[in-house]
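Here's the structure we're looking at; comments come further down.
Note: hydrogens, waters and symmetry copies are ignored here, and every other heavy atom, side chains too, is used. Chain letters run A, B, ... following the sequence lines, proteins first, then strands; residues in each count from 1.
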Amino acid sequence: MITAYDIALWLGYIFGGAAALLIVYTLGRRLLARILVSRLQRRVRDIEAIIQRHRSTHYAEMDRLLFQLGEVADIAAVEAALDSHLERSARAERKALKKLYSALGLVQRYLGRLRSAPRWTDRAQAAHALGRLGAVEAIPALVDALRDPHEDAHGVKLAAAQALTEMRAVEAVPLLLEQLSERDEWASPRIAEILVGFGERALPHLVESLDAEAHANLRVWAAQIIGRIGHPSAVSALLVHVRDRSQHVRMSVAEALGHLRDRRAVDDLVGVALNDPVAAVRAEAARALGRIGDPAVLRQLVELLGDPDYWTRLRAIEAIEAIRPDDVSALDAALRDPSAEVRSRAAVALERLGTLRARVEALKSDERADVDRARRTLVEMGRAGLVESILSFLEHPDFRVRARVADALGDIGELRAIDSLVALLDDDMWPVRTRAVEAIEKLRAPGAVRLLLPALSDPEETVRAAVASAIRVLGPQEDRATLSRLLAIFDTDNAAVRCSVVEAVGHVERGAVERILKRALVDPNADVRIRAVGAIGERRARAKWLDALVAALADPNTRVRAAAAHGLARLGSAQALSSLLDHVDTVDRTFREAITDALATFSVEVAADLVDPSATLETTLAAVWTLGKTGEAAAVEVLRPLAGHGEAPVRAAVAGALAKLSPHPDVESTLASLLSDRNERVRAAAVNAIGRIGAVAQGPRLLERLDDPDAFVRNRAAISLGLLGGDPAADRLEAIAAAGDDPAARAFAVVGLALAGRLRSAVAALGDPELRREVAQVIRREPDSVQDRFGRVLQLDESSSRGLGGLEPEALGLHYVETLKNHQDPAQRAAAVEAIGALETGHYAELLIDAIKTDPDATVRRLAVEALGAAGRDDLEVTQALADALRDPSPEIPVTAARALERCPDRRHNRALLRCFTRRRDDLDAAAANALAAANADAPADFVDELMGHRDEAILSGGAVVLGRIGDPKATPLLTSWLRSGSPPLRAAATRALGAMGTVEAKARVMEALSDPAEPVRLSALEALAHFPGADMVDAAKDLRRDPSVEVRTALARLLGASRQTAAVPMMAALSRDPAEPVRTEAMIALLSFGDGDAVEQFNDLFQEQPTTVQAQLRALGGDHPAVAALAQLARDSRRRSARVAAIQALGRLGWGTLERLTDALHDPAAAVRVAAVEVLAWRDDPDVEAALDGMLEDPHPKVRDAVRRRRLTVMSDEEST
Amino acid sequence: MASVLIADDNRDLVAILSGRFRAHHFQVFEARDGAEALEVARAERPDAIILDVMMPELNGYQVCRSLRSDSTLADVAIVILTAKDSEADKFWGAEVGADLFLTKPVDPAGVVSEVRRLLGLA
């Protein structure tokens, strides 16, 4: 029996045996491998020895070597030996090794391994070996390895990249370049790096690649690699591509030119690349110019600081810094750039150029202007990020510098400065300490008051006063220690310190503070009392201060009384109200404002109760003002009846109060009613109020006020109309500003114009010195809101807009020049160009030309072209700029430029204008033709000669149009020669031009053109024939009745209608039966337009024959159509009775037999005409017609009366049947 | 007629300077402390103001600063008179916007001629 023990024993034997076998197998395998490796190593050593022997003879016996290696018959050993050798080999030896590898098939083996070996280490090793060997045939495979999307192992890719780098065989260059045609973010930069390694030897291929039109990617890389190689021989090739159609190529070319640092590139970089429409190209061009470092381009780089693209501006700053200019004002200006990055970069540039130190040293100056300028720059540089650098100057040995740097740090606003400023509180010089206190106050750092407290003990009063002021500004203080220090300094004879103490602690509910407040209420200084009253008004427990506030209402100082009124308003109690009402009729303006402000916080009813017939005028006025200030809709209801108050000041006040309560449905109507008040002050107040609330619907009524008998009202209307805006108002104001006897009225109109946004007209008016003075006075008296808007429209700075000067044309001009040059917003630059256009443009031609050439915004360029053209100057500089603008990429600008050239005719630009015709745009063709006609009208023969030098069909066709416009018969031979051209458009244009000649010969040629095989030419001939009216014209065109083209037959009908030749009537009638409906319709219209009774009779006869579609088209002719107008005239004025009858019937057929048109006919002396009119009108269901026809029952002629009765019977039978 | 405000708590000096200015056909206003000086300056808008530094209520620097921050008085000619002659005082006088800094004791005729020069009357 087999026991469990036996089973376990057997299992032990089995597993033990298996383990022993496994150990034996493993050991055997290892032993075998060691033997094999040992054998391999021995063989490898043998092979290496063989190779070594041949190496010493420089592989002179290559065949023998191959034989010896073949005898080894172990390719693995050979490969290992050769690879080991290859690793150690010098470059010179590798050519022989390459031959050896190829002969042994190892190159192919490695290629195969590179493409398909399963282990990445094998693939990488193969790539490495191929690179060492310089195997050019491996390039495609290596490149494939570089960009293999399935290749996860970067080791293979890197090995391939290194192999390509190592190859250095110039044959590899084209193959590598070929690989750059495709986009590959991983491989392309590495291939480029490899190509850079080839250096100068790669240049011919790279230059050639720049012209590879189909491969923009390749051209981009080629340019970049050329730049990296940096050889000057490539400059000219790169310059060709500054105008490349690919923006990426242009960008790379600009970058490459920067690397080359060759001054030959400057002109193209400045002239072309800096004006590139693509911002990135402009930026790269700027950087390149910086690298080249030519100081001559500084001006262009400075102009680039106005580029709309911040990156371009950034590059411009770098370039300017690289040039190291003496004048850094442009970089100063860049500190105010809208982009933080640009500001920061400008600051860094200024620091590197030593400007920061120079500005700091300037702070020592005694000249205020120098100090202000230096301080301003310092603040701007600090705000742009140079705080740390600026802080270092707080240790400057000159106390003036320390004080002014501290002052600047306050404005910079960086909290990082706080510690340095606190340290400055111990400075030896008290002005430095004072500035440090003020700076800490401006920084508003948390805990600033605590930091400043020690300075309250400063020995210098100015410092202590500054600390007190800072503590006041920094807000109310409740900290016990701070409070006690502040209360302690109240006992000073310096009022400013006492004011600060009251402001800083006045709100604190403590006995000590209350004692200080009580003293402050009776302080000899009014400012201290004001602050005390103000502080009481803000206290939580203010009710117990009622008596103090009421007493303050009787203070001798107005501002104290006003402060008390505000305090009582905050109290809001019945006693407070009662004490305020006691002062409601005050005549003190400031106090009155405060009282009404205070009353307005109570309720509408409080003010309404004051409105009483027995109240004084002052009380009523106070009530009205209070109601306006409540802002409550209910106040409108109280105010409306007061619009009829007997006192004009009350009604005027109502207008002002209502303006504050808008929007409300009744406000506008009440103000409108006040516009026609009997009192001029009331009307003026209503006008102002309407302007203020922007009640556009009242515009027409305000316009009427421009004719008000009172000048004040008229002037206020000008301002309010300006505020409302709109074309009718602006047109009217423009007329007043342009001509008028009253300078004040003109000045108000100019201000109104500016407010309405008519910048150009306003600026033009400001050219008149007398008017300018008046405008300055007017604007100075206007409220801030009006002054601000005036300034905004004129783009003035604050001081100018407030009428303090700057309205002179020179100042305005400088201002707009500055805007145009530097403003980032295209809309602002466009407005500046418009304004410059309104000024004496002669001074600014250069600037406008510059804008045309360089401004990136199309609207700005277009407006500059317009402004330059409007000046009408014909000097070459101007006309050349306009001619250059003909090539502008924006579609509108060439048209504008051509129109401008029409005003500045200059034959020197014929070629540029003729080129416009090649763009085949109707609007540009017309403008160019007009400009050319204007320029060449005096010398058409020269123009003809010039045209003879052209071959382009579009140019010749355009030239023909120009010759037609000039109309000089000398052009006939040239035009006639073009009739034999193979180009139908040219023949057509020549035919039209011949028509304009009007000569006998031209007529003959036009008639010949009627039989031209091309439809456009025949159409042109018909058009031209209109210039030769006469029977022979009709005769010449008769064959075209059967022309295969519907358009030609239609045009013929039109021509016949306009010909006024009797012979044309039968032809028109014939065309009215044409198979094509458009021809029939046009022929029928032609019969009507002919203006002859016979033709109209033909029309009437043929009308019924026409298909319903044609009839419908004829009935659709508008009442103002020339044919309908001609009929109406015929019905009214023809001497022939039959013609009048026919015209009336035709009008009836077309549906235009209206009473208005036929009233005369109803009274025509001829009964037949009256009958015709009655019959036409009979179909009109209109009470007026019925009344008119009833009157005709009295007509003396029975036929007329019968016609009326027939109509009645018809109507009755219609009604019965209905 | 040009006008001048003389602000000093030293009545004798005010009287002497006033006499001198009147002799040169100036309209003269007087103030005895800084607060009054500000009040008179705002009310009368003189062409020139002579300020003592050490005055009750508001010192001359404070008055000068307030005047310069008032746009309607920004162009008035300001002369600061003081017994202090330190570099710091002169610097601060310029900082707060004074046109001229004169150290006491002053020659009244010299003050008048300096004011006349500042006003373009010399």
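Contacts between B/Q62 and chain A at a heavy-atom distance below 4.5 Å involve the side chain alone, from C-beta outward. Neither the backbone nor the side chain of A/A526 comes within contact range of chain B, judged by heavy atoms closer than 4.5 Å.
For A/E395, the CD atom sits in a loose shell: 12 or fewer heavy atoms of surrounding residues, nucleotides or ligands are nearer than 6.0 Å. More than 12 heavy atoms of other residues, nucleotides or ligands sit less than 6.0 Å from atom CZ of A/R789. A 6.0 Å sphere centred on CZ of A/R357 holds no more than 12 heavy atoms belonging to other residues, nucleotides or ligands. Heavy atoms of other residues, nucleotides or ligands lying less than 6.0 angstrom from CD of B/E39 number 12 at most.
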### Task
For B/E95 and A/R375, run salt bridge (charged side-chain N to carboxylate O under 4.0 Å, His left out): C-alpha distance rounded to whole Å, both residues' side-chain angles, the deciding distance at 0.1 Å, then the answer.
CA-CA 13 Å; B/E95 285 294 273; A/R375 187 185 172 285; over 6 Å; no
### Message
side chain to side chain contact (heavy atoms under 4.5 Å, CB included) for B/E57 and A/D493? Distances and angles first, verdict last.
### Response
CA-CA 5 Å; B/E57 295 296 300; A/D493 63 352; 5.7 Å; no
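Separation of atoms CG (A/D527) and CG (B/L58) is listed at 7.5 Å; rounding is to 0.5 Å. Note that the OG1 atom of A/T462 and the CG atom of B/D89 stand 8.0 Å from one another [nearest 0.5 Å].
Under a 4.0 Å N-O distance rule, the pair A/R400/B/E87 does not qualify as a salt bridge.
In this structure, B/Y61 and A/W430 have tilted ring planes: the angle between them lies in the 30° to 60° band.
Contact count against chain B (heavy-atom pairs under 4.5 Å) is highest for A/R435 among A/R435, A/M429, A/R368.
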